[in-house]
Amino acid sequence: MLVPHATWLEISKSAFEKNLAMYRHLIGDRLLCSVVKANAYGHGLSVCAPFLESLTSWFGVTSVAEAAILRDLGIQKPLYILGPVLTHELPDAVRYDCRIVLSDLETAKRLSEIALKMGKKVSVHMKVETGNHRQGVMPEHVLSFARGIMSEPGLVLEGITTHFSNIEDALDHSYADTQISLFKKIILELESNNIFIPIKHCANTAATLLFPQTYFDMARVGIGLYGLCPSPETLASLSHLNKNFVQFHPVLSWKTKIAQIKNIPKGAFVGYGCTYQTTRPTTLAILPVGYYDGYDRGLSNIASVLIRGKRAPVRGRVCMDMMMVDVTDIPGVHIEDCATLIGHDSNEHISAGDLADLAGTIHWEITTRIRESMPRILVS
């Protein structure tokens, strides 16, 4: 039975379509890997992926568990696991026909053995270290590593990849240029030794927006897929490059309903810790959403929500599953009126980036922390 919820997220089909069309325009006929890790950046994996399947080439996930969800949903597109796959997860990765990133030969050998026992061959991607110093093979070991993978009868070396460290958070892209140069050098070294890898890829959202030289054979678009710009620096770089055609269409709106309205006197304290005291007779609206739901406690006393097209400031500390907002200056507010935490209401708008700026974080932390069990609804 479908149970109505007081708090929900709306996921815009048309915004998705516009975002995908823009990235398709940028990369041409190359493969587009839509990254839906972390519950589709908080937008809802099981809601977003089926809608996106006809619009994308591949899906990028971070774990076998996410791949399993997609296969159980009937997703047929190639699934690329960006994160490490542990030994006990390898059989399921093979069963779900996943592309796996490899960074060590011990895992490669074990994966090959499992694949052969299951009567399959697994397509793998070799991740090389170019300066992020997270997951990846050091440059001096790439040639021997590639040969090691190719010697395993259960594996097919399908791709080579790397990941940028400082492409979206900087106006000076010299470090990213160094990474690109090293990646190209590694590819040339492999090819001079007659190792030709079909799919070369390194472009994330910022690289896809800014640098066509990073496209190679596939672009992996994550945060930009959901209509969010990677950073103010990326936006400034787009302006510098005169890429005014780039537009971001946020996919997610976050809404709730007013649970109670109450009038309190001047001088009254609101919420835990008495962190807010009224300076006039005040009308409060109580909202059934709090930090358990993903609304950051750091937004206490500084953020606003939208009610009847107007801003209602958050008063007092955000509670675990409730918050209080000031509706004194908003006429006609009633119980169960809609309150928008992220999104549009009339001419007003609150973005995930607005909340991130107030909370001192990045906007994909805002969206990925929204409680997974909260309903996501596709809207036109």
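Just so it is clear, the model here is predicted, and its values are computed rather than measured.
N39 and L45 make their closest contact through OD1-N, 2.9 Å (heavy atoms, listed as atom of the first residue, atom of the second, distance). In plain terms, the two heavy atoms of G316 and V314 that are nearest each other are O-CG1, 4.0 Å. Nearest approach of T130 to H163, heavy atoms of both residues: OG1-O, 4.2 Å. Minimum interatomic distance between L32 and T56 (heavy atoms only, all atoms of both residues): O-OG1, 3.0 Å. When all heavy atoms are compared, the tightest approach of F164 to C202 is CE1-O, 3.3 Å. Shown here for R147 and I195, the closest heavy-atom pair between the two residues is CG-CD1, 4.0 Å.
Within the 3.5 Å criterion, the main-chain N or O of G267 finds a donor-acceptor partner in the side chain of T278. In terms of modelled atom types and a separation under 3.5 Å, the side chain of K121 and the main chain of V156 share no donor-acceptor contact. N132 places no side-chain N or O within 3.5 Å of a backbone atom of R134 that could act as its donor or acceptor partner. Of the possible polar contacts, one joining the R376 side chain to the G42 backbone as a donor-acceptor pair under 3.5 Å is found. Between the side chain of T178 and the backbone N or O of S174, at least one donor-acceptor pair lies under 3.5 Å. When atom types are taken as modelled, the side chain of R71 and the backbone of I69 share no donor-acceptor pair closer than 3.5 angstrom. Judged purely by atom type and a 3.5 angstrom limit, T328 uses its side chain to pair as donor or acceptor with the backbone of T283. Checking side-chain atoms of S192 against main-chain N and O of E189 turns up a donor-acceptor pair under 3.5 Å. In this structure a side-chain-to-backbone donor-acceptor pair under 3.5 Å is missing from Y276 to R317. Between the S112 side chain and the A108 main chain, no donor and acceptor come within less than 3.5 Å of each other.
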Let's go through S57 and R24 carefully: what are the C-alpha distance in whole Å and the side-chain angles of both, what is the deciding distance for side-chain contact (heavy atoms from CB on, under 4.5 Å) to 0.1 Å, and is it a yes or a no? CA-CA 10 Å; S57 310; R24 284 287 191 192; 3.3 Å; yes

Evaluate the criterion side-chain hydrogen bond (donor to acceptor under 3.5 Å, both in side chains) for residue pair T161 and R220; output intermediate values, then yes/no. CA-CA 10 Å; T161 181; R220 309 184 306 261; 2.8 Å; yes

I'd like to know whether M323 forms a side-chain contact (heavy atoms from CB on, under 4.5 Å) with V305, so could you lay out the CA-CA distance, the side-chain angles of the two residues, the decisive distance to 0.1 Å, and finally the verdict. CA-CA 11 Å; M323 56 193 287; V305 305; 4.1 Å; yes

Let me see the working for D337 and R308 under salt bridge (charged side-chain N to carboxylate O under 4.0 Å, His left out), right down to the final yes or no. CA-CA 8 Å; D337 277 355; R308 291 183 170 264; 3.0 Å; yes

Are I186 and T162 close enough, and set up right, to give a side-chain contact (heavy atoms from CB on, under 4.5 Å), and what steps lead you there? CA-CA 11 Å; I186 289 169; T162 193; over 6 Å; no

Should V246 and M22 be marked as a side-chain contact (heavy atoms from CB on, under 4.5 Å) after you check the CA-CA gap, both sets of side-chain angles, and the distance that decides it? CA-CA 7 Å; V246 172; M22 182 183 71; 3.7 Å; yes

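Clustering ILVMFWY residues whenever any of their side-chain heavy atoms sit less than 4.5 angstrom apart, transitively, puts Y272 in a cluster other than the one holding V325. Linking ILVMFWY residues whenever their side-chain heavy atoms come closer than 4.5 Å, directly or via other members, leaves L287 and L284 in distinct clusters. Note: the hydrophobic cluster containing V85 does not contain L116 (ILVMFWY, side chain heavy atoms under 4.5 Å, direct or indirect links). A continuous path of Ile, Leu, Val, Met, Phe, Trp and Tyr side chains, each step under 4.5 Å between heavy atoms, connects I302 with W254, placing both in one hydrophobic cluster. Taking hydrophobic clusters as Ile, Leu, Val, Met, Phe, Trp and Tyr residues chained together by side-chain heavy-atom distances below 4.5 Å, W8 does not share a cluster with L341.
When the shell of 6.0 Å around CE of M118 is examined, it contains more than 12 heavy atoms from other residues, nucleotides or ligands. Heavy-atom neighbours of E140 CD from other residues, nucleotides or ligands within 6.0 Å: above the threshold of 12. In F51, the CZ atom is crowded: over 12 heavy atoms of neighbouring residues, nucleotides or ligands sit closer than 6.0 Å. Taking a 6.0 Å sphere around NZ of K13, one finds it holds more than 12 heavy atoms contributed by other residues, nucleotides or ligands. Counting non-hydrogen atoms of neighbouring residues, nucleotides and ligands closer than 6.0 angstrom, the NZ atom of K185 reaches no more than 12 such neighbours. Open room surrounds CE on M322; 12 or fewer heavy atoms of other groups in view lie less than 6.0 Å from it. Within 6.0 Å of NE2 on H133 lie more than 12 heavy atoms contributed by other residues, nucleotides or ligands. Shown here is D72, whose CG atom has more than 12 heavy atoms of other residues, nucleotides or ligands within 6.0 Å.
When side chains are defined from C-beta on, L155 counts as touching L102, because their heavy atoms get closer than 4.5 Å. Residues S12 and S253 fail the side-chain proximity criterion, which asks for heavy atoms closer than 4.5 Å. D293 has its side chain out of reach of I370: every pair of non-hydrogen atoms, C-beta onward, lies at least 4.5 Å apart. Annotation: side chain of S34 is in contact with side chain of L20 (closest heavy-atom distance under 4.5 Å). The closest side-chain heavy-atom distance from F216 to R30 is not below 4.5 Å. N19 has its side chain out of reach of L225: every pair of non-hydrogen atoms, C-beta onward, lies at least 4.5 Å apart. Residues L306 and I350 are in side-chain contact: their nearest non-hydrogen atoms beyond the backbone lie under 4.5 Å apart. Looking only at side-chain heavy atoms (C-beta outward), E348 and R311 come within less than 4.5 Å of each other.
The pair D296-R369 meets the salt-bridge criterion, with a side-chain N (NZ, NE, NH1 or NH2) lying under 4.0 Å from an Asp/Glu carboxylate O. By the 4.0 Å N-to-carboxylate-O rule, E10 lies close enough to K255 to be salt-bridged with it. A salt bridge links R110 with E113: the distance from a Lys NZ or Arg NE/NH1/NH2 to an Asp or Glu carboxylate oxygen falls below 4.0 Å.
Here Y175 contributes atom OH and I180 contributes atom CD1; the two are 12.5 Å apart, rounded to the nearest 0.5 Å. Distance CE/M138 to CD/E129: 6.0 Å, rounded to 0.5 Å. Taking CG of L105 as the reference point, atom CG of L111 lies at 12.0 Å (rounded to 0.5 Å). In this structure, the separation between OG1 on T282 and NZ on K266 is 10.5 Å, given to the nearest 0.5 Å. Taking CZ of F59 as the start and NZ of K77 as the end, the distance is 6.5 Å to the nearest 0.5 Å. Rounding to the nearest 0.5 Å places SG of C33 at 10.0 Å from CD1 of I199.
Judged purely by distance below 3.5 Å, without hydrogens or angles, the side chains of S351 and D354 pair a donor atom with an acceptor atom. Judged by distance alone, the side chains of R371 and T7 never bring a donor and an acceptor atom under 3.5 Å apart.
Ring geometry, F245 versus H25: the interplanar angle exceeds 60°, so the pair is classed perpendicular (tilted spans 30 to 60°). Taking the six-membered ring for Trp and thresholds of 30 and 60 degrees, H344 and H349 have nearly parallel ring planes, at less than 30 degrees apart. In this structure, F16 and H43 have tilted ring planes: the angle between them lies in the 30° to 60° band.
A side-chain contact (heavy atoms from CB on, under 4.5 Å) with Y41 holds for exactly one of V251, V35, L252; it is V35.
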